[in-house]
Amino acid sequence: MYRLLVAIGMICLANFYGVAQVTTNSPYSVNGLGIWEEPADGVSMGRGGARIALNDSLYANEYNPASLSYLAKGQPIFSFDITGRFSNFESGNESSSARFFYLKTIQIAIPFAKRFAAAVGIRPIISRGYDFKTYQFIDGDSIRHSYIGSGGVQQLYLSFSSAIIKNERNYLSVGLEGAYNFGNTTNSRVTEFFTSNSQFNSVYHTNDKVRAFSLKAGLQYQYTINQHSSIGMGAVYQPQNMWSTENTESLIRFTGLYGINPGNMDTIFKTGVVDGEIVMPQRLGFGFNYEMRAKQDSLSNRTHAYRLRFLGDAEFMSWSNYRKNLPNIIDTTALTNGMYIRLGIDFTPHHKFLDKAPNISYFSKMSYRIGFNYAQLPSRNQNLTDLGMTFGLGFPIPFNRSLSSLNIGVKLGQQGEVGAQSIREQYVGLHFGIILSPGFNDRWFRKFKYD
């Protein structure tokens, strides 16, 4: 049954993913190729997004490929996440609002043998989406200048993980992810006259079509202190690499209103495809994970088998090395480096999904999460920060003794500051994640023997 649901879900979601999605409405996505997507899903967002050192047999942590080997043998996991954001922007005396929802990640992870696992999925990694305007009044003409950006870059990835040390006390796992990055980002500058000179209305388009392969390595180490506690560390590293880009430019005149009724249109010029390169930054992240569990057998003592986790991440990205190089044109726009701090707590009163006893309620099997994150985002020669508190809940799905769950994460955050030359965004971010894993009566990859 689960195999059929997953197959149908993969087909439907992949088709939906192929449709152009609006994944951001931020004026800060004008920087570089756009905004680097926050590495969070319905599970991790509740605890501040921290998950570099996280390992769990019921959760395919796609951010660190080394974590996949912790999945339970014969227990594949299919997951997808939907993200939304409600934003209010302020700049000087002006304000505006925006909202959007989009499908973020589709993934299936499959453990095999005793120490190996693999995963394949698709996710957005860079998003561009902005639309802001300025006005002029010159010689009786009212002129509006519009700056519009759209598009993004997606990543199709394949991850592999292996436990190279696995005993009662020590668990050391390594992972490698290969990815194909593809997408388009567009910038448009529109000039419109609203009096007698509408024949001079024009729009200038630039488009970058990117295609590139990339690699990411992961490492996790878990030390079991005793039967009731453990501590873990993790790391991820992605080297600086070159992305190929195909750049096109065009200038078009029109007589109407751009995006509504452009009227007569005339292409003034359109370049051919110009091949270039984009230098993408390296990324280095570290994480820790401390876990405590109940000391007594919950069923025999009629107590809860609680689990309490403390997690933290620190990550750095060298965005100051970002460059877009085209023949005879070198983009020397300087971006600041990125730094990300994530902290979180995850508490489950009774973490054994399938236990049944009078003292074990459904609410005691839920996960309760809280977290905090801080980031210095890449920007053009200014200090752009992102600060947020997060909350989350995990709901087990009790169907056919399955280990599936619904996870919700909420972030209350703020980017930037209010000023004449700056913009502050206050937002509510929502993450909905579904994890589907077969129950014990619907196990995958079983071998049957007949006498």
Side-chain angles (χ1 to χ4, degrees), residues 18 20 23-24 26-37 123-132 134 145-157 178-192 200-216 238-254 258-259 262 265-283 317-338 377-382 384:
T23 57
T24 188
S26 172
Y28 294 115
S29 63
V30 70
N31 296 321
L33 283 176
I35 290 179
W36 190 264
E37 283 277 341
R123 63 194 170 206
I125 57 169
I126 294 178
S127 301
R128 169 169 285 170
Y130 62 87
D131 185 350
F132 52 91
T134 61
H145 302 280
S146 301
Y147 304 86
I148 303 169
S150 62
V153 179
Q154 291 76 44
Q155 189 175 76
L156 179 64
Y157 62 90
Y180 176 63
N181 309 282
F182 61 98
N184 293 271
T185 62
T186 300
N187 289 315
S188 300
R189 299 202 303 265
V190 185
T191 300
E192 295 170 283
F200 296 114
N201 291 353
S202 64
V203 54
Y204 173 69
H205 291 294
T206 63
N207 178 266
D208 284 296
K209 179 180 180 181
V210 298
R211 301 288 186 271
F213 291 95
S214 61
L215 292 174
K216 181 172 69 174
Q238 181 170 299
Q240 178 176 298
N241 66 325
M242 304 292 290
W243 287 12
S244 298
T245 179
E246 297 177 355
N247 179 268
T248 58
E249 301 180 14
S250 62
L251 178 63
I252 300 172
R253 279 187 182 165
F254 59 95
Y258 183 76
M265 303 182 68
D266 182 25
T267 300
I268 304 303
F269 77 84
K270 183 175 182 180
T271 66
V273 174
V274 178
D275 295 328
E277 292 181 329
I278 298 176
V279 181
M280 296 300 294
Q282 70 174 350
R283 177 171 57 179
M317 295 186 72
S318 58
W319 281 104
S320 60
N321 294 331
Y322 170 87
R323 295 290 185 274
K324 184 169 73 172
N325 302 327
L326 298 170
N328 303 320
I329 300 176
I330 298 179
D331 182 0
T332 58
T333 300
L335 297 180
T336 59
N337 288 323
L377 302 178
S379 61
R380 296 185 179 183
N381 301 316
Q382 70 179 93
L384 176 59

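All values below were derived from every heavy atom in this structure, side-chain atoms included, with hydrogens, water molecules and symmetry-related copies excluded. Note that the structure is a prediction, hence the values are computed from the model and not measured. Throughout, residue positions are numbered sequentially from 1 according to the sequence presented.
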Separation of [Y] [atom2] from [X] [atom1] (nearest 0.5 Å):
X    : Y    : atom1 : atom2 : answer
N184 : Q154 : CG    : CD    : 8.5 Å
L156 : R123 : CG    : CZ    : 9.5 Å
M317 : Q240 : CE    : CD    : 11.0 Å
S188 : Y204 : OG    : OH    : 10.5 Å
S202 : L251 : OG    : CG    : 5.5 Å
D208 : T186 : CG    : OG1   : 8.0 Å

Does one side chain, of [X] or [Y], offer a donor that lies under 3.5 Å from an acceptor on the other?
X    : Y    : result
H145 : T134 : no
S214 : Q238 : no
Y180 : Q155 : no

Start with the C-alpha gap between N201 and R253, add the side-chain angles, then the distance that decides, and say whether side chain to side chain contact (heavy atoms under 4.5 Å, CB included) holds.
-> CA-CA 6 Å; N201 291 353; R253 279 187 182 165; over 6 Å; no

Donor-acceptor check, side chain of [X] to backbone of [Y], threshold 3.5 angstrom: yes or no?
X    : Y    : answer
N241 : F213 : yes
S318 : Q282 : yes
N181 : A212 : yes
T336 : S379 : yes

Please report the closest heavy-atom contact between P327 and V274, naming both atoms and the distance.
-> CD-CG1, 3.4 Å

Taking side chain as C-beta onward, heavy atoms only, is [X] less than 4.5 Å from [Y]?
X    : Y    : result
N247 : E249 : yes
F254 : E192 : yes
E277 : W243 : no
S244 : D275 : no
R189 : T191 : no
H205 : N187 : no
R128 : I35  : no
I278 : V210 : yes

Report the C-alpha distance between V190 and I148 in whole Å, list the side-chain angles of each, state the deciding distance to 0.1 Å, and finish with yes or no for side chain to side chain contact (heavy atoms under 4.5 Å, CB included).
-> CA-CA 8 Å; V190 185; I148 303 169; 4.3 Å; yes

Test side chain to side chain contact (heavy atoms under 4.5 Å, CB included) on Y322 and L335 and set out the steps.
-> CA-CA 7 Å; Y322 170 87; L335 297 180; 3.8 Å; yes

For the residue pair W36 and W319, categorise the inter-ring angle as parallel (less than 30°), tilted (30 to 60°) or perpendicular (more than 60°).
-> perpendicular

Worked verdict on V153 versus E37 for side chain to side chain contact (heavy atoms under 4.5 Å, CB included) | CA-CA 10 Å; V153 179; E37 283 277 341; over 6 Å; no

